Trainee: 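Quick one: the structure is below, and I'll ask about it shortly.
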Amino acid sequence: MKYDFSAIEKKWQDKWDEAKIFNAADHSDKPKFYGLVEFPYPSGSGMHVGHIKAYSGLEIIGRKRRMQGYNVLFPIGFDAFGLPTENSAIKTGIHPRELTDRNIAKFSSQLRRVGFAFDWDRVVDTTEEDYYKWTQFIFLKMFENGLAFRDTALVNYCPHCKVVLSNEDSQGGKCDICHSDIVQKSKDVWYLRITEYADKLLQGLEEVDYLPNIKMQQVNWIGKSRGAFVNFGLTAGDETLRIYTTRPDTLFGVTFMVIAPEHPIIEKLAAEGKINNMDEVKAYQEECTKKTEFERTQLVKDKTGVCLDGVKGINPVNGKEIPIYLADYVMMGYGTGAIMAVPAHDERDYDFAKKFGIDIIEVIQGGNIEEAAYTGDGPMVNSDFLNVYDNKADSIAAMIEWLQEKGIGEGGVQFKMKDWAFNRQRYWGEPIPIVHCPTCGMVPVPYEELPLRLPPVTEFEPGQGGESPLAKLDYFVNCKCPKCGGAAKRETDTMPQWAGSSWYFLRYIDPHNSEALADMDKLRYWLPVDWYNGGMEHVTRHLIYSRFWHHFLYDLGLVPTAEPYAKRTAQGLILGPDGEKMSKSRGNTVDPNDVVNELGADVLRVYILFMGDYGSAAPWSDNGVKGCKRFLDRVADLSGMVKGGEPNPKVESAIHKTLKKVTMDIEDMKFNTAIAAMMGLLNDISDAGSITKDQLSIFVRMLCPFAPHLCEEMWEQMGGKGFCSLAEWPVWDEAKTIDATAELAVQINGKVRGKVILPMNADKDTAIAAVKADEKLASLIEGKTVVKEIVIPNKIINIVVK
RNA sequence: GCGGGCAUGGCGGAAUUGGCAGACGCGCCGGAUUUAGGAUCCGGUUCCUUAUGAGUGCAGGUUCAAGUCCUGUUGCCCGUACCA
């Protein structure tokens, strides 16, 4: 067959579009399959080969399942709010709406040219009013339920982007967008109380099928720890100082306390005049605020601190008076912002004690505290009580019980995960639907007024004070309070980019609904998402956020399942030809359009899945692409090899073996070995020199998910009914996958010395007899004592001789 | 530091889970075809001092049998980071 890929690909894409063959039915007798891929951010630079790999996994699985008779939902959309578009608008003066529309159009045409089997009637765009109306709706539900709140706090602030970032967006002390250093700034910010769902998010992981490393990353991110809160007395004032510890068993080893530089007790004590060295304390506090997060966590492992003069702590278990230090190795954002320091059994406390010359008292045996802190378990010593417990688990539980009995403290739980900083001082995002009224306080915009539309503006620069461009619009800001009717001001911040993506998979289920975010019957039919595939970089952000929103919606009764995704997998990166991560600055990027133009979409699809294990990173190779081109060229030539008559038995067996392998490998995302098996089959067919029409029909259908355009064309030429993409997935004949004979390797003392061919499943005696009948093998055994004979049917014979 | 993962030819990577290491592809070598190049086709391709040879980062161990399991070790990658 002549393989004019550009003509063939255009032809079939048009036909699929026209017949809408990939559109999902909302209800059906067939089993349903909801395959979800992470929708792209439509950037101006267009699609990346990484996008194609990310979508190809479920593209293949979805196409195969459709052929197997499933009702498949495989949607796509655009996560289009966000800073890159806004920054581009600032640069070019073109409105983000127009840029977004252009970029979406570009992405859509690129996706179509690759031939993805998306349901194009369900496309979702997070920046459309009909969509963000419901994002705002969910926000208001959270506000009503006390999960959205405003607080003044130290936040991660990017001085370059002039925007507050969440913890998840400032990992490693760098801005996720521009990679500048983050500074800590006190600001009035919106939070979503995700910590309220920390336990549910943790427990929910037990019922879902996520890759183990994805689960583990989420568990670590949530960071649950069990321990105790203990109240320490003070030698001055009425206050007590509450600390959190995971090691209450070391309470007798406490020799000092440390509080975060921002700890509120300092102001209280200062107001009462209890602190004698306030100048020194203030100087230290200032020094700390100047440090960037990066300096505080990465560079300055060297401990610094100031001792409070005038106030000491009192250890409740033994009444000892101990000094209190301010030090920035204790964070206000975790626990209570204050710790009991046990230098003998905590590395940080040890370093601090060494530097400041504080006593180190061993209370757990097992290490050498002259040299280093011992953080392991062991028998308790130097502790006035409970020394009957020499097992850590017991002593901690017993200690907590004892603390509770004495009224000194109680057991508690802490999470590393922090509440989600939820506002951005930017234009291109969902407006937060809240009105600030001088008399009523914060008032939600009534539901019937949603969507609260983003007003048209021409200047997108944030203000000097870091306020949103919306703050400059008097007509937007000044409004009436929905509650009392008095003059009020609108919230001018917008939501972060992660808002729209936290529920988009629900909107695919019912994308045009104007009454609800989605119809409950349809949600019941489609949820949960059967299989979600995406990048590892999103497992501690989007994947956590969207699970949080979904759990919340479930608690409101708006969705039928607690967990949104039944299964989550991840694809590996495509690296540049130099083996490094692709980046424009390195100049090692590959444009998928070039490949589509030069060699065709089918080649691109096959190569991306053939280049390596789907879940691992693999470097791009232009030569590797050519190899896949050769493969498809040779497949196209199969049409000319069709002959009537009896099928070649070797080919027949190879076809069924390959079909079995491909069918199973696809479900395991082992696309590379599935393609390798089909290449091997093609070699077998070439050797045989002919193929029957039935055999070709099987070949074309099993290749169809990978190279659908070519397969449609071949299917049509061989007179196949309808679309190949809708044809029935062939089923292998198990009998044909079993050979009549097996070749067994014969080992003497573990070394392969020859081979014998035996009937399938031949027994041990037959096998040994065959070895002895072989002249060469028999001579190797002759005259020696046979110690042992091991026969693994159809595989190997090992004879141990002396 | 902590948590997780990986290590196989010149290269990307296979290996039904303990049973013939190197499938498949690239590259390379030789041949055919071609005025030539490209493309295509055919054959070869782990290494070597060619022999009862060696070989899956390194050193041990278990086993009839180890890329696969165990112990130690080195290097790389990812995540996270003063989390009390």
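The shown structure was predicted, so the numbers you read here are calculated from the model rather than taken from an experiment. In what follows, every chain begins at residue 1, and chains take the letters A, B, ... in the order their sequences are listed.
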Trainee: Taking OP1 and OP2 of B:C64, is either one under 4.0 Å from a side-chain nitrogen or oxygen of A:Lys788?
Mentor: yes
Trainee: With the sugar-phosphate defined as primed atoms, P, OP1 and OP2, and the base as all remaining atoms, what B/S/- string results for nucleotides 47-55 of chain B, 5' to 3', for protein heavy atoms under 4.0 Å?
Mentor: -----SSS-
Trainee: Expressed as a whole number of Å, how far does the P atom of B:U62 sit from that of B:C70?
Mentor: 15 Å
Trainee: Check this for me, if you would: do A:Arg753 and A:Asp774 make a salt bridge, where the nitrogen-to-carboxylate-oxygen distance has to be below 4.0 angstrom?
Mentor: no
Trainee: Does a nitrogen or oxygen in the side chain of A:Tyr334 sit under 4.0 Å from OP1 or OP2 of B:A84?
Mentor: yes
Trainee: Provide a list of protein-nucleic acid N or O atom pairs under 3.5 angstrom, restricted to nucleotides 26-31 of chain B.
Mentor:
from, atom 1, to, atom 2, distance (Å)
B:C26, OP1, A:Arg630, NH1, 2.7
B:G27, OP1, A:Asn623, OD1, 3.4

Trainee: For A:Thr569 and A:Tyr614, test the side chains for any donor-to-acceptor distance below 3.5 angstrom and give the result as yes or no.
Mentor: no
Trainee: Verify whether one side chain among A:Asn683 and A:Ser686 offers a donor that lies under 3.5 Å from an acceptor in the other.
Mentor: no
Trainee: Nearest-nucleotide wise, let me know which of A:Met536 and A:Gly335 is further upstream toward the 5' end of RNA chain B.
Mentor: A:Met536
Trainee: Classify A:Lys224 by what it touches in the nucleic acid, base, sugar-phosphate, or nothing, heavy-atom distance under 4.0 Å.
Mentor: nothing
Trainee: Can you check whether A:Leu201 reaches A:Phe415 side chain to side chain, under 4.5 Å on heavy atoms?
Mentor: no
Trainee: Name the orientation class of the two ring planes belonging to A:Phe352 and A:Phe256 (parallel below 30°, tilted from 30 to 60°, perpendicular beyond 60°).
Mentor: parallel
Trainee: Using the P atom on both, measure B:U74 against B:C29 and round to a whole Å.
Mentor: 41 Å
Trainee: Are A:Lys224 and A:Asp199 ion-paired here, with the side-chain N under 4.0 Å from a carboxylate O?
Mentor: yes
Trainee: A:Lys660 versus A:Glu734: any side-chain heavy-atom pair under 4.5 Å?
Mentor: yes
Trainee: What is the distance from CD1 of A:Ile222 to C1' of B:C83, rounded to the nearest Å?
Mentor: 15 Å
Trainee: Would you say A:Asn213 reaches B:G79's phosphate, i.e. side-chain N/O to OP1/OP2 under 4.0 Å?
Mentor: no
Trainee: Under 4.0 Å: is that the gap between some side-chain N or O of A:Asn683 and OP1 or OP2 of B:G25?
Mentor: yes
Trainee: Would you measure the distance from the C1' atom in B:U46 across to the matching atom in B:G27 and give it in whole Å?
Mentor: 15 Å
Trainee: Classify the side-chain pair A:Thr673/A:Asp665 by whether it contains a donor and acceptor separated by less than 3.5 Å.
Mentor: yes
Trainee: Pick the C1' atom in B:G67 and in B:A54, then give their distance to the nearest Å.
Mentor: 16 Å
Trainee: Got a donor-acceptor pair under 3.5 Å from the side chain of A:Lys795 to the base of B:C20?
Mentor: no
Trainee: Under a plain distance cut-off of 3.5 Å, with no hydrogens placed, do A:Glu38 and A:His538 share a side-chain donor-acceptor pair?
Mentor: yes
Trainee: What closest approach, in Å, do A:Leu744 and A:Ile792 show between heavy atoms, and which atom pair accounts for it?
Mentor: CD2-O, 3.9 Å
Trainee: Rounded to whole angstrom, note down the C1' distance from B:C11 over to B:G5.
Mentor: 22 Å
Trainee: Name the orientation of the base relative to the sugar in B:U45: syn if the glycosidic angle is within 90° of 0, else anti.
Mentor: anti
Trainee: Dot-bracket notation for RNA chain B is requested: 5' to 3', Watson-Crick or G-U wobble pairs only, both distances under 3.5 Å, with ( ), [ ], | and . as defined.
Mentor: (((((((..(((......[....)))((((((.......))))))((.....))..(((((..]....))))))))))))....
Trainee: Carefully, step by step, assess A:Tyr607 and A:Asp622 under the rule side-chain hydrogen bond (donor to acceptor under 3.5 Å, both in side chains).
Mentor: CA-CA 10 Å; A:Tyr607 175 64; A:Asp622 285 327; over 6 Å; no
Trainee: If the P atom of B:C77 is compared with that of B:G72, how far apart are they to the nearest Å?
Mentor: 24 Å
